[in-house]
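Notes for the one structure printed next.
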Amino acid sequence: MRLLVTGGAGFIGSNFVRQALRRSRQVEILVLDLLTYAGNLENLAPVADLPTFRFSRVDIRDAAAVRDAFRSFRPEAVVHFAAESHVDRSIHSPAEFVSTNVTGTGVLLEAAREWPVGRFLHVSTDEVYGSIPAPHAADEERPLSPSNPYSASKAGADLLVSAYAKTHSLPVLITRASNNYGPYQFPEKLIPLMITNALADKPLPVYGDGLQERDWLHVHDHCRAIEAVLAAGRAGETYNIGGECSMQNIEVVRRVLDCCRKPASLIEYVPDRPGHDRRYALDSKKVKSDTGWEPSTSFDSGLWETVRWFRDNPEWSARVHSGEYRTFHDLNYSQRGEFPSV
Ligand SMILES: NC(=O)c1ccc[n+]([C@@H]2O[C@H](COP(=O)([O-])OP(=O)(O)OC[C@H]3O[C@@H](n4cnc5c(N)ncnc54)[C@H](O)[C@@H]3O)[C@@H](O)[C@H]2O)c1
C-alpha cells in the first residue's frame, strides 16, 4: 500500500508514520510536510533509513508541488494531518489557519481527483462541534458549531472534503478525534506545556477557572484508530474517535504535578482564552462498531509514560523551541547523503 501522509513531521503524523512503518513492510509512505515550527524531522529519524519511507518538504498550498508528488508517487491512499493546529495562535494569526487548513485541503482534494486514490482520510477534531453541554456527547450527525478560528478552519476543511465526496464521488473518510497527548507533542499544548514547565520548576498557567472539560486520547490509540478507519471505514463516512477519559483541565494539571512530584504552588491562574469552549464530549460508538477499534491506554499509564518521555528527552524540547533540524542532512541520519524525495 502506497500512503501519502501530509503533516507527517508533526506530533500525531510522526507517531502515525513510525507506527505504520513498524507494523508492516507492505506499507510505503511518502511524507509531505512544510516543516513549520511544529514540524520536526527528528520525529521521523527512527524510520528515516527504511527503504519504505520517503520525505519531501512541500507546502500543501503549493498546487504544482502537490500535483508533482501525486504524479510521481501515485498514492493508493492519503492520510491528511497537515494543519496549523494551535488554538491560541489562530486567535492572533488566523490567516495561516485559513490558508493551510482550508486552501491546503482543497489543493490535496484536487490532486486526489486528478490522480485517483482508493481512500482520502482527512484528520479532523472534536472542536468542530463546539462546546457540548453536559451530559450530552456529540455524535457524527451533530451540526458543526466551531468557536475559534482554528476549529472554524477545520470545520471548513471537513465541509470541503464532504463536498468532494458528493460532487466527485471521491472516497473520503473524516475522523474527528478528541485531545491527543503523548510523546513528541510540541510543548505549547496543555499536557506537554505543563510537563515541561513542571520539570523546569516554572509556573503552570491555567486558563480561567480551569474547569473546562476535555476528553483525552493517547496518540498511539488515535493512530491505531486511523489505521482501522483506513482499513475498515465506510467511504463517505465520518468517525468520532474519543479516548473515554473526560477530565477538567485543572485535574489534568494536578495529575501532571503528581507525576512530576512537584508542588501545587506552581499552578498560576491566568485570564481565560476568548471563545474558550467549556466542554467537549464525543460519542464514538460508530468507529467501534464499524472497525472494532477501542482505546486501550489508560490516562494514568499514558500520562506516566509521557512524563517519562519528556524527562528522558529534554534536548528534544530545547531543539523544537529553537527550530533546529530542518533537513535529514542536519540530522546526519541518511547514509545516502541527501534523503530521497520526489
Ligand atoms: N493535537 C490534537 O490534540 C488533535 C486532536 C484532534 C485532531 N487533530 C488534528 O490532527 C492533525 C495533526 O495535529 P498535530 O497535533 O499533530 O499537529 P502539529 O501542529 O504537531 O503538526 C502539524 C504538521 O503539519 C505541518 N504543516 C503545517 N502547515 C503545513 C503546510 N502548509 N504544508 C505542509 N505541511 C504543513 C507542520 O510542519 C507539522 O509537521 C491536525 O490536522 C489537527 O487538526 C489534532
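Sequential numbering from 1 along the given sequence is applied to the chain's residues. For ligands, and for the atoms within them, numbers begin at 1 and follow the listed sequence.
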Inset, instruction - Kindly determine whether E110 and Y164 satisfy side-chain contact (heavy atoms from CB on, under 4.5 Å), including the steps that lead there. - result: CA-CA 9 Å; E110 270 300 288; Y164 269 69; 2.7 Å; yes
Inset, instruction - For R89, check salt bridge (charged side-chain N to carboxylate O under 4.0 Å, His left out) against everything at least two apart and list the hits. - result: E188
Legend entry - For atom 20 (O) of ligand 1, closest protein heavy-atom neighbour: F11 N, 3.0 Å
Inset, instruction - Check D126 against ligand 1 and report side chain, backbone, both or neither, counting heavy atoms closer than 4.0 Å. - result: neither
Inset, instruction - Would you check the N or O atoms of H222, main chain and side chain alike, for any that come under 3.5 Å of an N or O of ligand 1? - result: no
Legend entry - Y280 and Q212: CA distance, side-chain angles, deciding distance, side chain to side chain donor-acceptor pair (under 3.5 Å) verdict: CA-CA 9 Å; Y280 297 137; Q212 307 85 356; over 6 Å; no
Legend entry - Non-hydrogen atoms of S153 and N101 that approach each other most closely: OG-ND2, 3.0 Å
Inset, instruction - Check each atom of ligand 1 against the heavy atoms of L35 and keep those under 4.0 Å away; list them by number with element. - result: 37 (O)
Inset, instruction - Answer with side chain, backbone, both or neither: which part of E127 has a heavy atom less than 4.0 angstrom from an atom of ligand 1? - result: neither
Inset, instruction - Could you name the option among V128, I12, V79 that has the heavy atom nearest to atom 1 (N) of ligand 1? - result: I12
Legend entry - Atom CD of Q26: over 12 foreign heavy atoms under 6.0 Å: no
Inset, instruction - Compute the shortest N/O to N/O distance between N179 and ligand 1 and return yes if it is under 3.5 Å, no if not. - result: no
Inset, instruction - Please write down residue, atom name and distance for the protein heavy atom closest to atom 10 (O) of ligand 1. - result: V123 CG1, 3.5 Å
Legend entry - Option nearest atom 19 (O) of ligand 1 (shortest heavy-atom distance, choices S85, S151, S124, S153): S85
Legend entry - Which residue and heavy atom of the protein sit nearest atom 32 (N) of ligand 1, plus the separation: I60 N, 2.9 Å
Inset, instruction - Check ligand 1 against S178 and write out every atom of the ligand that is under 4.0 Å from a heavy-atom position of the residue. - result: 5 (C), 6 (C)
Inset, instruction - Using non-hydrogen atoms of the residue, decide whether T6 is closer than 4.0 angstrom to ligand 1. - result: no
Inset, instruction - Give the residue and atom name of whichever protein heavy atom lies nearest to atom 3 (O) of ligand 1, and the separation in Å to one decimal. - result: N180 N, 2.8 Å
Legend entry - Heavy-atom nearest neighbour of atom 6 (C) of ligand 1 within options G7, A177, G182: A177
Legend entry - 4.0 Å heavy-atom contact, G104 with ligand 1: no
Inset, instruction - Would you mind checking if R319 and E42 are paired as a salt bridge, meaning a charged N to carboxylate O distance below 4.0 Å? - result: yes
Inset, instruction - Report the residue from F310, F11, F16, W309 that forms a ring-ring contact (aromatic ring centres under 6.0 Å, His included) with Y184. - result: W309
Legend entry - Under 3.5 Å side-chain donor-acceptor pair for N43 and W316: yes
Inset, instruction - Mind checking the CZ-CG spacing from F120 to L109? Nearest 0.5 Å is all I need. - result: 4.0 Å
Legend entry - E84 side chain to Y150 side chain, donor-acceptor N/O pair below 3.5 angstrom: no
Legend entry - Mutual orientation of the aromatic rings belonging to Y37 and F186 [parallel < 30°, tilted 30-60°, perpendicular > 60°]: perpendicular
Inset, instruction - Before signing off on this row, confirm whether T36 and ligand 1 have an N or O atom pair separated by under 3.5 Å. - result: yes
Legend entry - Atoms of ligand 1 close to G39 [distance to a heavy atom under 4.0 angstrom, numbered from 1]: 37 (O), 38 (C), 39 (O)
Legend entry - Test item: K166 side-chain N/O and G236 main-chain N/O as donor-acceptor pair under 3.5 Å: no
Inset, instruction - Output yes when the distance from some N or O of ligand 1 to some N or O of L32 is under 3.5 Å, and no in every other case. - result: no
Inset, instruction - Quick one: do I267 and I250 satisfy side-chain contact (heavy atoms from CB on, under 4.5 Å)? Show the steps, please. - result: CA-CA 9 Å; I267 295 174; I250 189 66; 4.0 Å; yes
Inset, instruction - Pull out every atom of ligand 1 sitting under 4.0 Å from any heavy atom of R61, numbered as shown with elements. - result: 31 (N)
Legend entry - Per atom 30 (C) of ligand 1, closest listed option by heavy atom (L41, D59, L217): D59
Inset, instruction - Within a distance under 4.0 Å of any heavy atom of T125, pick out the atoms of ligand 1 and give their elements. - result: 6 (C), 7 (C)
Legend entry - Residue and atom name of the nearest protein heavy atom (relative to atom 21 (O) of ligand 1), distance in Å to one decimal: G10 CA, 3.4 Å
Legend entry - K202 and E268 ion-paired at < 4.0 Å: no
Legend entry - Exercise: do Y239 and D290 side chains pair donor with acceptor under 3.5 Å: yes
Legend entry - Proximity to ligand 1 by part of T100, non-hydrogen separation under 4.0 Å: side chain
Inset, instruction - Classify the contact between V58 and ligand 1 as side chain, backbone, both or neither, using a heavy-atom distance cut-off of under 4.0 Å. - result: backbone
Legend entry - Shortest heavy-atom approach to atom 43 (O) of ligand 1 - which of Y150, F16, F81: Y150
Legend entry - Protein heavy-atom partner closest to atom 37 (O) of ligand 1 - residue, atom, separation in Å: D33 OD1, 2.6 Å
Inset, instruction - Select one of side chain, backbone, both or neither to describe which atoms of S99 lie under 4.0 Å from any atom of ligand 1, heavy atoms only. - result: neither
Legend entry - Presence of salt bridge, E28 and R2, under 4.0 angstrom: no
Legend entry - Nearest-0.5 Å distance that lies between atom NE2 in H218 and atom OG in S301: 7.5 Å
Inset, instruction - Looking only at protein heavy atoms, identify the closest one to atom 34 (N) of ligand 1 and say how far it is in Å. - result: L34 N, 3.1 Å
Inset, instruction - Consider every N or O of K154 and every N or O of ligand 1, then say whether any pair is closer than 3.5 Å. - result: yes
Inset, instruction - Starting from atom 22 (C) of ligand 1, locate the nearest protein heavy atom and write down its residue, its atom name and how far away it is, to 0.1 Å. - result: A83 O, 3.5 Å
